[in-house]
Amino acid sequence: MNAIRSRWLTRMAEDIGKSNLESSSASTTSRGFWPSVLRWIPSSTDHIINAEKRLLSLVKTPYAQEQVNIGSGPPDSKVRWFRSSSNEPRFINTVTFDSKDDSPTLVMVHGYAASQGFFFRNFDALASRFRVIAIDQLGWGGSSRPDFTCRSTEETEAWFIDSFEEWRKAKNLSNFILLGHSFGGYVASKYALKHPEHVNHLILVGPAGFSSESERITKFLSTWKGSILNQIWESNFTPQKIIRGLGPWGPDMVLKYTSARFVTYTTGETLTESESRLLTDYVYHTLAAKASGELCLKYIFSFGGLPRSPLLHRFGDPSSCYIDY
């Protein structure tokens, strides 16, 4: 493990030294005057896209990457994901894999604190049967990271659902299969409920947001420990803030995380050294970038991961969709 860490940190240092100092996003432009090796957080949008390309080089199926323009608006726009300090266009980072002409379209939506590259081990198998399109949700991965100004569950849901709908329009898609993992399953479900005319099938993999109030959590919140933890939760403290706070030591923390969480596939096969290094590099840059979509957490879930608007209350017939736990 020490050898992997050493090689990965060396590779990351080389990448930082070679990387363009100008970032393609407003959040990193202000830091462009300083060499990235001197930054407290050695990351940028360029780093994310470059790390994504290296990770996806492990995928055998050819693909195309694009930044899909979903529009722009003035700072006082009523559209929440337009509200920012500028009226610059917003983009959704998108990868599309080659497929047969008659293949059905499968759109993949990632979970919380993740991005489309987390599916890198699934792409080849799925692309053999589908036209696979994977996105980074607005505010995550290599997509635009506008200022997050939502202040309610409804506004936060609209942030993801409406930006996804603008992406769909820009891509001129309809009648597709929509797959969502974890929090992406929540977003995919809410989107399908609002725009059922575009979704042929809804596939939810380990979806978040279905459960209702838990008696165990309620009892815990009545304790002093529960009260303190709930206050931390309501302050919108996110795991990514820890990574940013660690600065140049953040990559080492992420390596420990990826080694523990992604050490094996579902088949029990151990990640190769190359896969571990490239995934860790990618995960670090996606987590360390500007806070945006991650700030949705407290508006969608209460402490303990309980949804404020449970999907269980919205689906009249749960058998109408396929839920894979």
Side-chain angles (χ1 to χ4, degrees), residues 27 40-41 43 80-81 83-84 109-115 118 136-141 143 145-163 180-191 204-247 249-250 253-254 256-258 260-262 283-284 286-314 325:
S27 64
W40 180 252
I41 303 175
S43 187
R80 278 285 175 174
W81 46 272
R83 296 186 184 179
S84 187
V109 183
H110 63 80
Y112 183 85
S115 41
F118 279 58
D136 288 337
Q137 296 193 68
L138 184 68
W140 275 314
S143 293
R145 295 183 178 232
D147 299 338
F148 188 86
T149 58
C150 301
R151 292 297 178 266
S152 70
T153 300
E154 293 74 19
E155 290 178 349
T156 303
E157 290 181 353
W159 161 288
F160 295 106
I161 296 170
D162 294 347
S163 61
H181 171 245
S182 190
F183 175 71
Y186 182 89
V187 174
S189 297
K190 293 285 185 172
Y191 176 84
L204 306 179
V205 183
F210 269 86
S211 61
S212 55
E213 186 69 21
S214 169
E215 182 178 353
R216 180 177 60 86
I217 295 297
T218 302
K219 289 182 177 180
F220 178 70
L221 290 176
S222 65
T223 67
W224 69 269
K225 290 182 180 180
S227 177
I228 292 175
L229 291 175
N230 187 56
Q231 289 182 33
I232 294 175
W233 179 273
E234 292 297 329
S235 72
N236 222 358
F237 184 85
T238 66
Q240 292 91 322
K241 290 183 179 180
I242 298 175
I243 301 302
R244 298 186 192 101
L246 290 172
W249 292 277
M253 173 65 74
V254 173
K256 295 177 181 178
Y257 164 73
T258 56
R261 181 176 179 183
F262 304 106
V283 172
Y284 169 72
T286 60
L287 295 181
K290 173 189 172 182
S292 181
E294 73 188 65
L295 298 176
C296 74
L297 197 57
K298 81 166 189 174
Y299 298 106
I300 298 295
F301 303 102
S302 60
F303 179 78
L306 298 176
R308 298 186 186 276
S309 177
L311 286 166
L312 197 60
H313 298 165
R314 296 292 304 277
Y325 288 97

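- In terms of heavy atoms, Leu311 sits closest to Lys190 at CD2-CE, 3.7 Å.
- Here the shortest heavy-atom pairing between Val205 and His181 reads O-CD2, 3.2 Å.
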Is there a side chain to side chain contact (heavy atoms under 4.5 Å, CB included) between Gln240 and Trp140 once you walk through the steps? CA-CA 11 Å; Gln240 292 91 322; Trp140 275 314; 4.1 Å; yes

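- The structure places OG1 of Thr223 at 8.0 Å from CG of Leu229, a figure rounded to the nearest 0.5 Å.
- Residue Thr238 holds its OG1 atom at 12.5 Å from NZ of Lys298, rounded to the nearest 0.5 Å.
- Residue Thr258 holds its OG1 atom at 11.5 Å from CE of Met253, rounded to the nearest 0.5 Å.
- With contacts defined as side-chain heavy-atom distances shorter than 4.5 Å, the pair Phe303/Ser227 does not qualify.
- Taking all atoms of both residues into account, the shortest heavy-atom contact from Tyr284 to Gly247 is OH-O, 3.9 Å.
- When all heavy atoms of Glu155 and Thr149 are compared, the pair lying nearest together is OE1-O, 4.4 Å.
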Side chain to side chain contact (heavy atoms under 4.5 Å, CB included) between Ile300 and Arg308, worked out: CA-CA 6 Å; Ile300 298 295; Arg308 298 186 186 276; over 6 Å; no

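- Under 4.0 Å is where a charged nitrogen must lie from a carboxylate oxygen, and between Arg244 and Glu294 at least one such pair does.
- When every heavy atom of Gly139 is checked against every heavy atom of Trp159, the shortest pair comes out as CA-CZ2, 4.5 Å.
- Ion pair Arg145/Asp136 not flagged as a salt bridge, since none of the NZ, NE, NH1 or NH2 atoms sits closer than 4.0 Å to an Asp/Glu carboxylate oxygen.
- Shortest non-hydrogen contact noted between Asn236 and Leu295 is ND2-O, 2.9 Å.
- Considering only heavy atoms from C-beta on, Ser309 comes within 4.5 Å of Glu157 through its side chain.
- The shortest distance between side-chain heavy atoms of Phe118 and Val283 falls below 4.5 Å.
- How far OG of Ser115 is from CG of Leu287: 8.0 Å, rounded to the nearest 0.5 Å.
- Here His110 contributes atom NE2 and Ser182 contributes atom OG; the two are 11.0 Å apart, rounded to the nearest 0.5 Å.
- Taking the six-membered ring where tryptophan is involved, the planes of Phe301 and Tyr186 are tilted, since the angle between them lies from 30° to 60°.
- Side-chain atoms of Asp147 and Ser292, non-hydrogen and from C-beta on, never get closer than 4.5 Å to each other.
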Show your working on side chain to side chain contact (heavy atoms under 4.5 Å, CB included) between Thr156 and Phe148 and close with a plain yes or no. CA-CA 9 Å; Thr156 303; Phe148 188 86; 3.8 Å; yes

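- From Phe183, atom CZ reaches atom SG of Cys296 across 4.0 Å, with rounding to the nearest 0.5 Å.
- The side-chain heavy atoms of Leu297 and Phe237, taken from C-beta on, include no pair separated by under 4.5 Å.
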